Amino acid sequence: MQKTSTRTLYDYWNSIRGSRSAPERKDIDPTRIREALANTFILELDESEKFSFRLAGSHLCTSYCRELKGRSFSALWHERDSDAMETLIRAVTEDHAVALVTFQGTTAVHTKVSFETILMPLRHNGSTHTRLLGAMTALDEPYWLGVQPIMEQRITGLRLIWPDDVALEDGVREVATKVVNDVTFAHHTPTAMPATVYGRSARRYAHLAVIDGGRQ
């Protein structure tokens with residue numbers, strides 16, 4: 001986690017969930033995350049079974065030069081990355097992992113900026129399938145950010161983190177992968193295939209590997 005806002009939100013989320021895999025939406029106190037609030041967002045599952053912004057911080061909206069509330073989060077991503085994002089979201093909502101993503105945003109005049117995004121499970125009426133808590137922060141802030149809106153974004157790296165795992169070697173507890181931007185993903189729901197990663201049983205979804213064990 002490279003940005004303070006990412007770490008602040010993750011530490012707060014981790015502290016309020018206790019022994020649960022995810023905290024309830026009502027547990028979140030915005031005053032406890034003031035320094036990260038402008039970059040924080042909450043996603044909700046919409047009628048099309050995709051995730052949209054329910055809330056979005058001011059810095060985040062400024063980066064896109066528009067209000068994000070009610071807009072589709074899923075639609076932000078390049079079509080070649082849509083399967084990867086759907087797989088990540090399932091890992092968060094179903095397996096209660098934390099997803100850490102870096103991506104490159106491009107404007108209409110082809111200027112570029114890199115962002116860090118974190119996605120964490122959030123309970124709503126007891127379910128973790130309809131809400132996500134996250135933060136999105138530019139790794140650097142070029143002078144034009146907030147003037148030239150981000151029009152396209154491509155994943156450059158991602159990592160799945162299991163907060164409840166006993167600390168062992170980082171390579172065992174975190175699965176990191178780079179997304180190759182010129183690879184075209186199949187346009188269907190990824191199927192889990194058995195695999196072995198670092199000697200551990202895992203499920204592989206396309207280019208992602210989910211290590212089993214150690215989660216609650």
Side-chain angles (χ1 to χ4, degrees), residues 1-10 36 38-41 43 50-51 53 56-57 59-66 68 71-93 95 97-120 132-163 170-171 173-187 190 195 197-198 202 204-211:
M1 300 182 192
Q2 302 179 57
K3 303 302 293 185
T4 300
S5 55
T6 307
R7 171 59 69 179
T8 296
L9 190 62
Y10 174 78
N39 299 97
T40 297
F41 58 84
L43 304 179
K50 300 291 186 180
F51 277 91
F53 289 95
H59 287 179
L60 184 53
C61 294
T62 296
S63 296
Y64 286 85
C65 299
R66 57 186 181 272
L68 292 177
R71 294 181 180 268
S72 173
F73 175 80
S74 302
L76 292 178
W77 305 94
H78 191 282
E79 60 181 3
R80 291 183 178 180
D81 291 340
S82 60
D83 284 349
M85 284 307 302
E86 287 181 9
T87 300
L88 279 179
I89 287 174
R90 281 199 302 277
V92 175
T93 58
D95 293 335
V98 171
L100 189 64
V101 182
T102 54
F103 71 88
Q104 186 176 75
T106 305
T107 70
V109 295
H110 305 295
T111 49
K112 300 179 185 298
V113 61
S114 293
F115 287 83
E116 177 178 78
T117 300
I118 192 168
L119 297 172
M120 294 166 286
L132 288 172
L133 175 66
M136 187 182 296
T137 311
L139 296 181
D140 295 301
E141 295 195 16
Y143 70 91
W144 51 262
L145 189 63
V147 178
Q148 300 173 19
I150 304 299
M151 303 300 293
E152 178 184 276
Q153 54 195 54
R154 297 296 307 273
I155 297 173
T156 55
L158 55 88
R159 173 162 291 176
L160 292 178
I161 303 169
W162 309 110
D170 288 344
R173 294 308 178 179
E174 299 182 9
V175 179
T177 184
K178 291 292 183 181
V179 175
V180 180
N181 286 337
D182 61 359
V183 172
T184 302
F185 299 111
H187 293 285
V197 178
Y198 298 110
R204 185 171 293 281
Y205 297 87
H207 59 289
L208 301 181
V210 179
I211 293 178

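Being a predicted model, the structure only gives us computed values, none of them experimental.
Under the 4.5 Å side-chain criterion, counting only non-hydrogen atoms from C-beta, Leu119 is in contact with Phe41. At a threshold of 4.5 Å between non-hydrogen side-chain atoms, the residues Phe53 and Leu60 count as touching.
Scanning all heavy atoms of the two residues, the minimum distance from Asp81 to Ile155 falls at OD2-N, 2.8 Å. Scanning all heavy atoms of the two residues, the minimum distance from Asp140 to Val113 falls at O-CG2, 3.3 Å. Summarising the geometry of Gly105 relative to Ile150, their closest heavy-atom pair is CA-CG2, 3.8 Å, with the distance given to 0.1 Å.
By the side chain to side chain contact (heavy atoms under 4.5 Å, CB included) test, Ser74 pairs with Lys50, Phe51, Ser72, sequence neighbours left out. In this view, Thr137 and Ser5 satisfy the side chain to side chain donor-acceptor pair (under 3.5 Å) rule, not counting sequence neighbours. Not counting sequence neighbours, Gln104 has no partner by the side chain to side chain donor-acceptor pair (under 3.5 Å) test. With sequence neighbours excluded, the residues satisfying ring-ring contact (aromatic ring centres under 6.0 Å, His included) with Phe115 are Phe103. In terms of the side chain to side chain contact (heavy atoms under 4.5 Å, CB included) criterion, residue partners of Arg66 (sequence neighbours excluded) are, by chain and number, Tyr64, Leu68, Arg71, Leu76, Pro149. In this structure Thr8 satisfies the side chain to side chain donor-acceptor pair (under 3.5 Å) test with no other residue, sequence neighbours excluded.
Just one residue in the list Lys112, Arg154, Glu152 forms a side-chain hydrogen bond (donor to acceptor under 3.5 Å, both in side chains) with Thr106, and that residue is Lys112. When each of Thr156, Thr117, Leu158 is checked for a side chain to side chain contact (heavy atoms under 4.5 Å, CB included) with Thr102, only Thr156 meets the rule.
To the nearest 0.5 Å, atoms CE (Met136) and NZ (Lys3) are separated by 14.0 Å. Rounding to the nearest 0.5 Å places CG of Leu100 at 5.0 Å from CD1 of Ile161. Note: Thr111 OG1 to Met151 CE = 11.0 Å, rounded to the nearest 0.5 Å.
Under the 3.5 Å distance criterion, the side-chain polar atoms of Gln2 are left unmatched by any main-chain donor or acceptor of Leu139.
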